[in-house]
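Here's the structure, in structure tokens; my notes come after.
What you see is a predicted model, and the numbers here were worked out from it, not measured in a lab. Chain identifiers are assigned alphabetically (A, B, ...) following the order of the sequence lines, protein sequences preceding nucleic acid strands; residue numbering begins at 1 within each chain.
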Amino acid sequence: MSLDTVKVGFIPLVDAAIPIMAADVGFAAAEGVRIELTREVSWSNIRDRLVLGHFDAAHLLAPLAIATSLGLGPIRERLSAPMALNLNGNAITLSLPLYDELVRHLDADLADPRATARAFAALVRTRRANGEFAPTLGMTFPFSTHNYLLRLWLASAGLEPDVDVRLAVVPPPFMVDAIEQGHVEGFCVGAPWNAVAVQLGIGRIVHLGVDLVRSCPEKVLAVRERWLGERPDVAARLLRACHAAARWLSDPTNRWEAAERLAARDRLDVRAEAISRSLEGRMPTGRGAETRFDADYLLFDRDGETRPDPEHALWLHAQMARWGQASAATAEEAAAVYRPDVYDAALGLIAAPARPRPVDCFVDRAG
Amino acid sequence: MPDRPLKIVVIEESPVRAAILEDGLREAGHSLVMRIPDRANLLERIYAIDPDVILIDLENPSRDVLEQMFQVSRAVKRPVGMFVDQTDHSSIEAAIDAGVSAYVVDGLKKERVKPILDTMVSRHQAFAKLRAELDQAKSQLEERKVVDRAKGVLMRQKNIGEEQAYALLRTVAMNEKKKISEIAQAVVTAAELLK
């Protein structure tokens, strides 16, 4: 039997695991699909090549899928997200000197993002008073949760992210370099780059992404809306293969095999240990053997999380609107990018899962 | 009123590829071409140059850094967009196929951007051809090395001269309808195994 080829672009990140495992462990072949993976160096390339049809599907920042559909970037095309590739998975890492500087300004618990944000605001004021530069923080793309998480955190203490600090785009594989060479003093990025920076002894994790926003939408499997219409059967088989891969990834007994496969040179090209820790949610946070465990650190599909929830798209759109990227009037159009109907049809689901995961942001929590 | 010359920035790590592109642009009459070879403080350097057109290699991850310019309009004197308009997929496709992306300041006339795009595409093809020739020359050199080693093996094992060893390789290659280098590789591999 000849297999239908589906071309998929990805960025070297742990949350590209679902399509990579679907291709490499055999879930795609079981559905009669051959996934041809292409590792890309930039989100812009992935977006353009998906829009132009070089790729049939892509590992994409959820906000970038929405932005492209709304025409907020340089190229416009209706994209659909028939599957969420993960929730959470990010962390904020600071250089060792900036971490110590933050701790010196701390007036409450280091685990409380409101307290750390206040300390950050205080250190920004101290620097200003001393005539020193404001900190530069790295994030991965203008339309990314990394951008929004940093902004949420800083704004909770009254900082104006566009004025009081500098937010600079740095591609994920260069984050660790950027902090080492002093181009940024901290960053928000996905796995495994926080664990890598900590293990190299050049950064400390101040917050896991879940400290700020729990059940935070992150990457989606993005396709052209037109492609869904043209090849509905192939799309459905791709989704089933990816769903099987997601379930496989959520089984702890497969963790090490997944980490080793992701570590391969043509995949992430990073040591398997850092990947395995990120998959487990047991993150090295600082000097020595300090670790933090959070079972939700990176969620693939423990309980139906791969089903794209339009409420998540709305939450992302609200962030885009808050920071002037999108008009509030386009919320409905943004929500329509998420396609639980396509997901349900492909998996043969008749009812929505009983426990959807609402986005839980720290600024809305009782204090 | 004649159009003022365009200021073009080329973001390219490979000096060879950059030189080929810059040459092409100069031939096309663009004398204000500047190259940024690395990633450090990219946006600041671009703001300082204040270019009309930015060309970037698609293998360069700094493309995502450029995309930030769409979002931080406050920091940019002139807003920048990807070349031509959003709906012109064919121009975008031609460039992406050629491995380059271009960003131009808003309002720059299409007629002025098109020739730059054409230059980019043709120069990229020239570079690809050059690289293919280089690869071919390299593999020819490798083949010659393998043949030399196989001749050495045969000369030692069979106690024959160089010309005879080469004739033997050639005869076997002809009989088996293979390239001499393939037979030579087999001889070398066998000799390694039997060591």
Side-chain angles (χ1 to χ4, degrees), chain A residues 11-12 38-55 61 63-64 67-68 70-77 136 138-144 146-147 151 160-163 166-175 177-178 181-184 224 320 323-326, chain B residues 11-14 36 38-47 53-76 79-106 108 113 117:
Chain A
I11 290 283
T38 302
R39 184 166 71 173
E40 267 297 349
V41 295
S42 70
W43 292 114
S44 322
N45 282 6
I46 290 209
R47 174 202 58 209
D48 292 355
R49 300 188 70 187
L50 177 64
V51 169
L52 296 174
H54 293 193
F55 298 144
L61 297 159
L64 181 52
T68 305
L70 298 182
L72 305 180
I75 187 168
R76 179 176 202 158
E77 174 76 32
T136 297
M139 47 89 174
T140 59
F141 202 75
F143 301 108
S144 70
H146 317 101
N147 186 16
R151 285 168 180 270
E160 270 192 68
D162 289 311
V163 177
R166 266 198 62 214
L167 296 179
V169 167
V170 180
F174 298 103
M175 279 297 180
D177 261 3
Q181 295 176 8
H183 299 313
V184 300
R224 292 180 305 287
M320 295 162 81
W323 302 110
Q325 293 180 329
Chain B
I11 302 169
E12 173 61 72
E13 285 175 19
S14 151
I36 300 181
D38 54 26
R39 294 196 299 270
N41 302 318
L42 184 64
L43 289 191
E44 286 83 346
R45 288 153 84 184
I46 290 173
Y47 297 150
V53 177
I54 303 164
L55 305 178
I56 182 163
D57 174 13
L58 286 191
E59 287 166 33
N60 193 319
S62 296
R63 244 202 105 187
D64 281 350
V65 180
L66 290 186
E67 296 270 329
Q68 196 177 11
M69 290 194 300
F70 297 115
Q71 301 303 319
V72 287
S73 47
R74 237 181 304 178
V76 199
V80 175
M82 197 154 73
F83 57 83
V84 293
D85 58 285
Q86 293 193 347
T87 50
D88 190 356
H89 280 195
S90 66
S91 299
I92 296 176
E93 187 154 19
I96 298 282
D97 281 342
V100 225
S101 184
Y103 294 85
V104 303
V105 296
D106 251 5
L108 192 63
V113 183
L117 201 62

Quiz item: Is it the side chain or the backbone of A:Asp177 that comes within 4.5 Å of chain B heavy atoms, both, or neither?
Solution: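 A:Asp177 touches chain B through side-chain heavy atoms alone.
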[X] versus [Y], closest heavy-atom pair with distance:
| X | Y | answer |
| --- | --- | --- |
| A:Val169 | B:Val65 | O-CG2, 3.3 Å |
| A:Phe141 | B:Asp64 | CE1-OD1, 3.2 Å |
| B:Leu58 | A:Val41 | O-CG2, 3.5 Å |
| B:Arg63 | A:Ser42 | CB-OG, 3.9 Å |

Quiz item: Any side-chain heavy atom of A:Arg47 sitting closer than 4.5 Å to one from B:Glu67?
Solution: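 Of all side-chain heavy-atom pairs linking B:Glu67 with A:Arg47, at least one is under 4.5 Å.
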Quiz item: Is the shortest side-chain N to carboxylate O distance from A:Arg166 to B:Glu44 below 4.0 Å?
Solution: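 Salt bridge present between A:Arg166 and B:Glu44.
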Self-check item: Heavy-atom pair count under 4.5 Å with chain B, highest-scoring of A:His54, A:His183, A:Arg49, A:Glu40
Solution: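 Highest number of heavy-atom pairs under 4.5 Å: A:His54.
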